[in-house]
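There's a structure below that I have some questions on.
In what follows, chains are A, B, ... by sequence order, proteins preceding strands, each numbered from 1.
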Amino acid sequence: MEYRFRDIEKYWQEKWKAEKSYEVSNRSDKPKFYVLDMFPYPSGAGLHVGHPLGYIASDIFARYKRLKGFHVLHPMGYDAFGLPAEQYAIEHGVHPADSTAKNISTFRSQLDNIGFSFDWSREIRTSDPAYYKWTQWIFLQLFDSWYNRKSDRTEKIATLLRIFESEGNANYPIPNSQFQIPEYPDVTFTAQAWQSFPEKTRQAILMEYRVAYCGYGEVNWCEALGTVLANDEVVNGVSERGGHPVVKKKLRQWYLRITEYADRLLEGLQRVEFSEAMKDMQSNWIGKSSGAEVEFRISNKEQGISNAEGIRVYTTRPDTIFGVDFLVLAPEHDLVASITAPEQQEAVGEYISYVKSRSERERMMEKKISGVFTGAYAEHPLTGKDVPIWISEYVLAGYGTGAIMAVPSGDERDLKFAHHFKIPVTNIFGERFTGEEAIAAKDAILSNSDFLNGKNYQQAIDLVINRLEELGAGKRKVNYKIRDAAFSRQRYWGEPFPIVWKDGVAIPLDEKELPLELPYVKSYGPGAEGEGPLANIPEWTARGLETNTMPGYAGSSWYFLRFMDPQNEKEFCDRSISDYWQQVDLYVGGTEHAVGHLLYSRMWTKALYDLGHIGFDEPFRKLLNQGMIQGSSRFIYRVRGTHSFVSAGLKDQYETDELHVDVNMVDGLELDMEALKQWRPEYADAEFILEDGKYICGTLVEKMSKRLYNTVNPDTIVEKFGADTFRMYEMFLGPVEMSKPWDTKGIEGVHRFLKKLWRLFNSEQGLQVSDEEPTNEEYRVLHGTIKKIEEDTERFSFNTGVSAFMICVNALADLKCNKRKILEPLLVMLSPYAPHIAEELYRKTRNDEHASVLTASFPQLEEKYLVETSKEYPVSVNGKLRAQINIALDASQEDVQSIVLADPAVQKWMEGKPLKKLIYVKGKMVNVVV
RNA sequence: GCCCUGGUGGUGAAAUUGGUAGACACGCAGGACUUAAAAUCCUGUUCGCAGCAAUGCGAGUGCCGGUUCAAGUCCGGCCCGGGGCACCA
């Protein structure tokens with residue numbers, strides 16, 4: 001009987017579904033294990049062969065853990081809110097809810113084809129009101145919270161109110177916010193003052209503390225998409241999606257105060273198993289640096305402002321303070337207008353408008369040295385000397401204080417600036433500084449620096465900060481690059497905010513009013529200036545409802561919790577259930593979410609933990625990043641202005657245009673010319689210039705994308721070879737973490753392996769399984785495989801795992817072994833990798849309609865079958881392989897020595913030279929040194 | 001520029017703590033079965049040299065050097081590819 005994979009796979013997939021084989025309860029005596037994939041955005045393009053890579057890996061691991069006796073939670077759902085569905089709606093008039101539902105059903109049928117063990121009864125969609133009710137609820141918790149720096153926890157606003165009422169805010173200053181609204185006080189107030197504030201002022205002050213807050217801020221505005229984007233959605237000054245230009249704009253926005261969690265987000269990284277690269281990416285994004293804030297008093301007496309204001313700068317190198325030759329302010333800095341000398345007014349004004357005219361992108365592309373002198377001077381806090389104040393675009397308003405002290409001898413950019421504007425440079429590094437290159441190294445010894453002379457960075461930094469603190473001119477300061485996360489989008493297809501605006505005050509909806517459902521609209525056009533489509537709905541605006549919606553990462557920041565208790569209508573997740581499932585033990589997904597989704601969900605988890613809703617503060621215990629499967633594109637070359645296409649090897653003889661063709665029309669490199677003619681009308685009358693009678697295509701590895709005609713649909717692979725072959729082949733391609741181009745060549749090898757396995761059981765006469773007792777050799781093959789599969793699966797080395805099965809089956813085929821006691825454990829081990837064939841054969845060997853590998857256990861390893869009594873050891877003389885000698889495994893060092901030296905082959909190589917040393921590495925080799 | 005990765009046959013890749021480099025598979029070459037094809041099976045396949053042959057000798061994991069009886073693996077310096085960050089003071 002041949003291996004009829006289509007029938008087998010169809011049968012088992014239906015059986016699993018009918019019997020709800022993969023549904024899992026929330027209670028068990030077994031230890032738990034939670035395996036989760038980053039859930040997909042259901043795009044219109046459907047799945048290509050790259051998507052399932054991670055799902056297959058996680059499915060193998062989930063199935064493996066079940067066999068190992070764990071109670072495994074392995075759910076799947078859809079990240080269903082997002083921009084592409086809305087863009088599609090604008091272009092095609094299809095409501096996002098409809099196109100999303102359609103896409104989901106395509107995804108589902110594609111996923112079902114591959115035989116995953118997801119518990120579909122737990123499916124969630126972030127766009128489902130029953131789901132986003134709780135997204136809105138969590139938002140309300142964040143809105144009703146503040147971050148208490150003293151306790152280092154998220155706390156209820158009520159505790160802050162009590163503090164304000166009893167002691168004012170002297171001990172709890174307004175968190176560093178870039179969004180202070182001028183008409184409200186950015187000051188400390190007493191308890192009495194608080195009592196006297198009108199409600200509106202109180203609310204405005206509270207807003208400055210809330211974890212989810214609304215404020216005016218510079219945001220990344222994308223005109224083409226008509227929305228605001230988060231920092232991680234902007235790449236090189238253009239939008240990540242679509243590549244549209246992005247400009248800075250001041251708008252009213254919702255934010256998450258993730259900056260308050262920066263230290264805990266860093267600390268938490270030490271407690272999770274993420275790759276070093278991932279941890280680095282997150283730490284760099286958070287960008288913690290420590291240094292000092294130093295105040296320079298303005299000394300330009302003629303302007304009469306010397307008494308009040310000073311310029312605060314942030315520096316990580318306060319030790320170089322004696323090398324300060326000038327200060328530089330960001331052009332947007334608040335003090336620029338007030339300190340500029342009359343004679344410089346015009347130049348400064350011109351410079352500021354020049355900077356405004358430059359887009360973010362231009363600024364990044366061409367790093368020009370530019371700037372202008374303000375005419376003002378500051379007083380050096382230690383030397384009292386006058387220091388000129390400049391403005392330049394290389395100083396960013398958003399980082400530190402928006403002002404720097406420039407030390408040209410210690411900083412490359414400052415030196416270039418000094419050279420460009422011919423500002424004299426003070427040398428504080430003695431001979432080491434030649435004037436050509438700045439000395440940034442921390443081991444440099446300071447000179448020309450008063451009390452810091454002869455000191456290095458380590459020694460000087462404490463001395464100088466202490467001195468500055470004594471003088472009241474500076475203090476220790478930690479800075480972060482991370483910004484509060486923009487949390488609102490001027491879009492339709494997202495969660496509505498459960499917020500009503502009344503006289504400029506944000507009032508949360510009552511919990512009972514949730515979910516606040518997204519209204520059905522006919523037009524998705526933007527509202528007035530910076531407002532979303534919801535602003536066009538009279539009933540919506542009449543209630544004063546917020547017209548922005550939440551960003552894509554809102555729903556995905558907590559979905560792993562909802563999977564634990566997906567149908568709960570009373571809570572987002574029952575505490576006793578989340579106490580059972582705890583963290584996700586294995587989280588599988590791509591690296592593209594390193595600084596977006598992964599940071600946000602970590603922050604939400606910490607907030608929910610602080611507020612007592614869950615019992616753990618890191619969502620993901622271990623993260624496995626699967627690589628991308630890239631497309632291997634194929635090109636044809638059209639001779640310019642003709643219908644002739646020239647084969648790749650001859651294209652240099654013509655002037656040609658390179659055109660993508662569908663990879664599915666190309667076998668290896670050879671084009672199916674008939675298929676091309678049928679493909680599109682413009683190719684119907686194509687002519688070909690061939691080499692060796694074939695048309696050879698050009699190739700390039702690039703991203704797998706419909707647009708490049710290099711996508712391969714898993715359905716076609718499954719149709720041709722079966723799901724088991726597909727699963728094993730994706731794993732066989734290489735380590736899961738690695739990116740690699742898809743190449744169908746080679747899938748035959750895996751398919752052959754499954755056919756060979758099938759033949760071990762089946763001959764023309766039907767099933768042939770023997771109850772004979774296996775030989776020791778057969779047991780050795782089995783137990784060697786058990787050991788290997790267990791080790792490989794545990795360390796996610798699925799590619800070598802697949803190889804181990806091949807080696808095992810080859811050995812059993814050579815031994816003509818069809819013994820039940822060998823084959824059954826083999827099938828159990830194989831079932832995570834190739835579940836359909838394993839089930840089919842297992843049931844047949846058991847001769848029991850109800851037998852299933854799903855209720856089996858991973859076979860127990862019996863070490864005795866791994867042990868051999870003696871072994872052929874390689875013997876090397878001076879590191880060169882000279883002989884193979886059979887040595888008993890329990891032989892002592894002395895025995896080994898006499899056996900080895902007695903061997904004629906070894907004697908020949910020693911030729912009477914004295915033995916210096918004999919190294920016996922057990923189980924590996926023997927090395928004789930002469 | 002900074003940080004993180006990786007570099008091994010014609011190809012995808014193995015080698016878990018330093019211990020016979022190239023497992024496993026693709027491709028290729030030859031053979032068996034077959035009228036033929038498909039399917040299946042067997043043999044060979046890092047490179048060079050010698051031999052009818054089994055085999056022997058030499059070289060070999062990006063390059064140069066070091067540690068070690070022994071290095072793909074550890075250390076130092078360089079070259080190249082991939083990913084991330086980028087006027088972050």
Donor-acceptor pair, A:E702 side chain versus A:G631 backbone, under 3.5 Å?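 No, because the side chain of A:E702 does not come within donor-acceptor range (under 3.5 Å) of the backbone of A:G631.
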Provide, to the nearest angstrom, the distance between the CG atom belonging to A:L700 and the P atom belonging to B:G82.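 It is 12 Å, rounded to the nearest whole Å.
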What is the minimum heavy-atom distance between A:V336 and A:P331, and which atoms define it?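 So the two residues come closest at CG2-O, 3.9 Å.
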Mind telling me if B:G58 is syn or anti? Syn here is a glycosidic angle within 90° of 0.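 Base orientation: anti.
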Where do A:V313 and A:E293 land on the side chain to side chain contact (heavy atoms under 4.5 Å, CB included) test, with the steps shown first? CA-CA 6 Å; A:V313 304; A:E293 208 168 272; over 6 Å; no
For atom CD of A:E592 and atom P of B:G83, their distance in whole Å: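 Going from CD in A:E592 over to P in B:G83 covers 13 Å.
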Under 4.0 Å protein heavy-atom contact, by nucleotide of nucleotides 21-26 of chain B - B base, S sugar-phosphate only: --BBSS
Have a look at A:S392 and say if it touches a base, only the backbone sugar-phosphate, or nothing, with a 4.0 Å heavy-atom cut-off.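 A:S392: no heavy atom of the nucleic acid under 4.0 Å.
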Atom-to-atom span, CE of A:M731 to P of B:A14 - whole angstrom: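 After rounding, the gap between these two atoms is 13 Å.
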What distance, rounded to whole Å, do you find between the two P atoms, one in B:U5 and one in B:C24?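 To the nearest whole Å, 31 Å.
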Rounded to whole angstrom, note down the C1' distance from B:C26 over to B:A32.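 Roughly 22 Å separates the two C1' atoms.
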Classify the nucleic acid contact of A:E412 as base, sugar-phosphate or nothing, counting any heavy atom under 4.0 Å across all strands shown.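 It contacts nothing in the nucleic acid.
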Interatomic distance, A:L329 CG vs B:C87 P [rounded to whole Å]: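 The distance from CG of A:L329 to P of B:C87 comes to 19 Å, rounded to the nearest Å.
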Whole angstrom value for the distance that separates P of B:U40 from CZ of A:R759: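 Going from CZ in A:R759 over to P in B:U40 covers 6 Å.
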Counter-base of B:U46, judged by Watson-Crick or G-U geometry with both distances under 3.5 Å: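 Pairing partner, where one exists within any strand: B:A59.
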Under 4.0 Å, counting only non-hydrogen atoms across every strand here, what does A:D280 touch: a base, just sugar-phosphate, or nothing?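 Sugar-phosphate, backbone atoms only, no base.
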Determine yes or no for a side-chain-to-main-chain donor-acceptor pair under 3.5 angstrom, with A:T374 supplying the side chain and A:I389 the backbone.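 It does hold such a pair.
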So, A:K740 side chain and A:P735 main chain: donor-acceptor pair closer than 3.5 Å or not?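 The answer is yes, because a donor-acceptor pair under 3.5 Å joins these two groups.
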To the nearest angstrom, how far is A:L918 atom CG from B:C69 atom P?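 For the pair A:L918 CG and B:C69 P, the rounded distance is 14 Å.
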So, is A:S289 close to the B:A89 phosphate, meaning a side-chain N or O under 4.0 Å from OP1 or OP2?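 Yes, within the criterion.
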Are the side chains of A:N710 and A:Q630 in touch, meaning some heavy atoms are under 4.5 Å apart?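 A:N710 does not reach A:Q630 side chain to side chain.
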In whole Å, measure the gap between the C1' atoms of B:G12 and B:C63 for me.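 Between the two C1' atoms, the distance is 25 Å.
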By nearest heavy atom, map A:G287 and A:D792 onto RNA chain B; which one lands nearer the 5' end?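 Going by which nucleotide is closer to the 5' end, it is A:D792.
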Compare every heavy atom of A:A262 with every heavy atom of A:I286, then report the nearest pair and how far apart it is.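 Taking A:I286 first and A:A262 second, the nearest heavy atoms are CG2-CB, 3.8 Å.
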What's A:M405 touching, base or sugar-phosphate or nothing? Going by heavy atoms closer than 4.0 Å.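 Touches nothing.
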Taking the side chain of A:L396 as heavy atoms from C-beta outward, which of B:A39, B:C88, B:G84 is closest to it?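 The answer is B:C88.
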For atom P, what is the distance between B:A59 and B:A37, given to the nearest Å?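 46 Å, rounded to whole Å.
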I'd like to know if the side chain of A:N762 and the backbone of A:E2 have a donor-acceptor N/O pair within less than 3.5 Å.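 Checked: no pair found.
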Is A:Y314 close enough to B:A89 that one of its side-chain N or O atoms is under 4.0 Å from OP1 or OP2 there?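 For B:A89, OP1/OP2 do not have a side-chain N/O of A:Y314 under 4.0 Å.
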Between A:K756 and A:T591, which is nearer to the 5' end of RNA chain B once each is assigned its nearest nucleotide?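 On the 5' side of the pair lies A:K756.
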Rounding to an integer number of angstrom, what distance separates B:A29 and B:U17 when you compare their C1' atoms?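 So the two C1' atoms sit 41 Å from each other.
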From B:C69, B:U16, B:C42, nucleotide with atom closest to A:E791 side chain: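 Looking only at side-chain atoms, A:E791 lies closest to B:U16.
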With a 3.5 Å limit on both atom pairs, tell me what B:C69 is paired to, counting Watson-Crick and G-U wobble, or say none.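 Paired with B:C69, as far as the under-3.5 Å criterion goes, is B:G19.
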Using a 4.0 Å heavy-atom cut-off across all strands, classify A:L733 as base, sugar-phosphate, or nothing.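 The residue A:L733 makes sugar-phosphate contact but no base contact.
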A:E737 CD to B:A14 P: how many Å, rounded?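 So the CD-P distance, A:E737 to B:A14, works out to 10 Å.
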Counting side-chain heavy atoms from CB outward, which of B:C4, B:C69, B:C88 is closest to A:I919?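 Looking only at side-chain atoms, A:I919 lies closest to B:C69.
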Pair A:V736-A:I56, side chain to side chain contact (heavy atoms under 4.5 Å, CB included): steps then yes or no: CA-CA 10 Å; A:V736 252; A:I56 294 170; over 6 Å; no
Pairwise P distance for B:G9 and B:G58, with rounding to whole Å: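 These two P atoms come out 23 Å apart once rounded.
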Nearest of B:C87, B:A39, B:A13 to any side-chain atom of A:P735?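 Ranking B:C87, B:A39, B:A13 by closest atom to the A:P735 side chain puts B:A13 first.
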Spacing of A:N625 atom CG relative to B:U5 atom C1', expressed in whole Å: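 Distance check: A:N625 CG to B:U5 C1' gives 12 Å.
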Specify whether A:W742 and A:F726 have parallel, tilted or perpendicular ring planes, treating 30° as the upper limit for parallel and 60° as the lower limit for perpendicular.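 Rings of A:W742 and A:F726: tilted, as their planes differ by 30° to 60°.
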How far does the C1' atom of B:C79 sit from the matching atom of B:G62, given to the nearest Å?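 That atom pair is separated by 7 Å.
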Is B:A53 paired to anything, Watson-Crick or G-U wobble with both distances less than 3.5 Å, and if yes, which nucleotide?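 By the stated definition (distances under 3.5 Å), nothing pairs with B:A53.
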Nearest-Å distance once atom P is located in both B:G83 and B:G10: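 To the nearest whole Å, 26 Å.
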